[in-house]
Amino acid sequence: MTAHEHLSTLAIIGGGPRAVYALEALARRRERGTLPDRIDVYEPRAQLGTGMAYTSDQPDWVSLNVPDHALHAGRVHTGAALTDSHLAGPFAAPPADDQPCAYPARAAAGRYLTGLADTAIGALAPTPVRHLRQRVDRVRPAGPGFRVHTSEGWAEYDAVLLVTGHASTWPGLDLPAGVPAVRVFPVPSLVTTAQALRPTAVQIRGAHLSAIDAVLALSEGLGGRFLSSGAGGALQYRPGDLDPVLTLTSRTGRLMLAKTDAAVLRRYRSEQIAAPLRSEIATTAELPLLLERLAAAILTQARRTWDPSSAVIGPEQIHPVWDSLTGPTAADPFDDLRASLAFARGTAVPDETWALGQAWRHAYPDLVHRQRQVAERAVRGGADVPLDWADYPRLVTGLDRLAFGPPPGNVVKLLALASAGRLRLVRTAELPAEPPDLIVDAVTAPPGLPRGDELWEQLLADGLVRFGATGRGVLTDAAGACLGADGTRNGLAAVGRMTEDVVIGTDTLLRSMHPELELWADHLVTRDA
């Protein structure tokens with residue numbers, strides 16, 4: 001199809017949040033260009049916008065780690081600036097400066113996204129948007145466009161957007177035979193399975209956010225209650241009829257640390273302290289050194305909030321934290337979690353580990369933008385590692401563990417379960433020989449192209465997509481256009497987790513972080529890509 005030629009049909013493969021954001025982006029451009037004559041969204045689930053993680057039938061204690069006021073589907077990054085959509089308002093109003101954040105239930109976030117889907121589809125009229133409850137297994141070239149295949153047949157399209165999200169299976173997913181095994185989502189199915197099997201010992205594979213959802217499903221979801229103990233906001237756990245012992249397993253024996261509340265960061269003035277140094281992120285050749293300086297400045301100001309005579313913290317005092325980010329630890333993970341909760345609530349003087357986490361958190365939007373510039377060099381034929389930082393793939397999980405962990409309310413519940421002897425964490429290499437009654441797989445598929453997935457393996461084999469420099473994520477340009485094996489853009493676009501390392505931070509719900517869908521929509525309606 002040549003530039004400015006009319007785009008007749010568009011297929012969107014995947015129906016989660018990014019599919020809804022794509023529809024909304026097109027709806028806002030109705031007056032600026034020509035929309036497709038028909039848009040088909042391929043999503044097997046009944047609702048658009050929810051994916052598996054945000055379905056509306058989940059109980060309210062299954063929550064996000066994103067504050068409710070930050071869940072703003074209308075705050076979009078255009079590639080040049082942030083702007084607010086007239087089609088989508090915020091999920092909630094910001095809290096007062098001294099008030100802690102609220103964290104929405106996943107089900108409520110799902111209803112918000114489904115509502116946006118309805119709004120966007122209405123605003124796209126008279127262009128019809130069809131929700132086809134089919135799984136796509138192949139996409140093949142057909143003339144100037146593509147043929148999309150499902151078990152029910154095929155249809156041809158001028159353009160295809162791939163927003164397939166998390167893979168459900170992958171090579172290396174190793175679940176032992178002979179023990180019932182289930183996934184975390186959908187959470188109601190996990191609860192139903194546990195009620196039927198009545199396990200006394202459950203192994204939860206993983207120790208990140210999905211694992212915490214599994215812990216709550218197998219405690220609160222089985223009738224357990226968390227009661228106030230009256231001691232500094234601590235809780236006591238009272239089991240229900242079913243009371244299994246839960247064992248989290250991870251390679252390192254570490255937990256994600258509590259997410260610091262925005263009210264605490266405002267009191268410490270961390271955003272203002274970080275701002276002058278953030279401007280250096282785009283150009284520095286030594287990101288680790290800059291992050292150390294940023295963390296030192298944040299920690300100095302935080303400690304002076306407690307004691308104005310506190311000494312200036314230097315970057316050299318932050319540097320040793322890097323050595324504790326990865327690899328196994330002998331420390332009690334619940335002691336670390338308890339300390340992080342006090343830092344997150346502002347009830348204890350924070351330490352250097354906390355400060356590096358906040359530096360990462362404040363720098364993250366600028367890091368995402370920097371990586372986009374690095375990726376553009378790769379598009380032009382370079383071979384760049386993420387952020388031009390050789391250690392990034394090794395350290396990123398540890399940094400995310402410090403900065404983007406569970407909200408304080410969920411941390412208090414984890415500590416109550418641990419104190420009651422109902423929750424523990426062991427390294428995978430130290431699992432007891434006695435098998436559990438039930439295994440819950442809370443390990444998400446690795447980021448990047450979903451290996452083992454029929455659709456993505458076919459796209460790779462046919463040369464319609466290719467890897468970026470790390471051999472993990474799909475190489476795309478700034479507008480999400482895929483580069484094929486021959487280096488050309490072919491009409492496919494991909495946005496989300498499959499592009500990890502080329503784009504970083506792909507798991508976020510926040511539209512203010514990434515401009516790819518906005519730039520994709522610009523190109524689609526003007527056909528000047």
Side-chain angles (χ1 to χ4, degrees), residues 55 57-65 103 105-107 179-250 253-258 332-338 340-342 345 405-427 430-443:
T55 55
D57 60 348
Q58 298 177 94
D60 286 346
W61 40 258
V62 185
S63 63
L64 295 177
N65 73 331
Y103 292 85
R106 286 181 178 270
V179 179
V182 294
R183 302 300 301 274
V184 178
F185 299 108
V187 168
S189 295
L190 169 57
V191 172
T192 299
T193 298
Q195 289 170 334
L197 295 176
R198 302 186 67 83
T200 60
V202 179
Q203 176 193 342
I204 300 172
R205 298 180 71 250
H208 286 126
L209 297 174
S210 294
I212 295 172
D213 291 328
V215 168
L216 297 179
L218 296 170
S219 54
E220 201 162 3
L222 297 178
R225 293 183 298 156
F226 293 95
L227 307 175
S228 175
S229 69
L235 298 174
Q236 290 185 337
Y237 180 64
R238 293 289 181 267
D241 177 49
L242 294 178
D243 187 25
V245 174
L246 309 176
T247 300
L248 296 167
T249 62
S250 78
R254 299 174 187 270
L255 291 165
M256 299 191 83
L257 301 184
D332 184 330
F334 293 101
D335 284 346
D336 289 345
L337 187 64
R338 192 172 291 107
S340 79
L341 178 63
R345 287 177 158 175
N410 280 352
V411 170
V412 177
K413 293 179 179 180
L414 296 181
L415 292 173
L417 287 163
S419 297
R422 316 316 294 170
L423 177 66
R424 60 180 182 156
L425 171 64
V426 301
R427 291 175 55 201
E430 299 169 353
L431 273 172
E434 186 70 22
D437 305 313
L438 174 66
I439 291 176
V440 180
D441 177 35
V443 178

A201 versus P436, closest heavy-atom pair with distance: O-CB, 3.6 Å
Spacing of CZ belonging to R345 relative to OG belonging to S340, to within rounding of 0.5 Å: 10.5 Å
Polar side-chain atom of S229 near backbone of Q236 as donor-acceptor pair, under 3.5 Å: no
Report all side-chain donor-acceptor pairs from residues 188-195 shorter than 3.5 Å, counting only partners two or more places apart or in another chain.
| from | atom 1 | to | atom 2 | distance (Å) |
| --- | --- | --- | --- | --- |
| T192 | OG1 | P188 | O | 2.9 |
| T193 | OG1 | S189 | O | 2.9 |

Interatomic distance, D213 atom CG to Q58 atom CD [nearest 0.5 angstrom]: 7.5 Å
Non-hydrogen atoms of P435 and V179 that approach each other most closely: CB-CG2, 4.3 Å
Close side-chain approach of L438 and V182, heavy atoms under 4.5 Å: yes
Salt bridge D241-R198, side-chain N to carboxylate O under 4.0 Å: yes
Between R205 and Q203, a side-chain donor and acceptor under 3.5 Å: no
From CD1 (I204) to CG (L423), nearest 0.5 Å: 7.0 Å
Check: A105 main-chain N/O paired with D60 side-chain donor or acceptor under 3.5 Å: no
Which pairs of donor and acceptor atoms, one on a side chain in residues 407-419, lie under 3.5 Å apart (sequence neighbours left out)?
| from | atom 1 | to | atom 2 | distance (Å) |
| --- | --- | --- | --- | --- |
| N410 | ND2 | S63 | OG | 3.3 |
| K413 | NZ | E220 | OE1 | 2.9 |
| S419 | OG | L415 | O | 3.0 |

L218 side chain reached by P199 side chain, heavy atoms, under 4.5 Å: no
Flag, side chain of D441 to backbone of R183, donor-acceptor distance under 3.5 Å: no
Shortest non-hydrogen contact between V187 and P59, atoms and distance: CG1-CD, 4.4 Å
Heavy-atom closest pair, residues V440 and A214: CG1-CB, 3.9 Å
Spatial distance of atom CG (L248) from atom NE2 (H208) [nearest 0.5 Å]: 11.0 Å
Nearest non-hydrogen partners of G240 and D243, listed with the distance: O-CB, 4.5 Å
Heavy-atom pair with the smallest gap, counting every atom of L257 and D336: CD2-O, 4.0 Å
Interatomic spacing from CG in L425 to CG in L246 - rounded to 0.5 Å: 12.0 Å
Atom pair CD (E430) and OG1 (T249), whose distance is rounded to the nearest 0.5 Å: 11.5 Å
F226: partners by ring-ring contact (aromatic ring centres under 6.0 Å, His included), with sequence neighbours left out: Y237
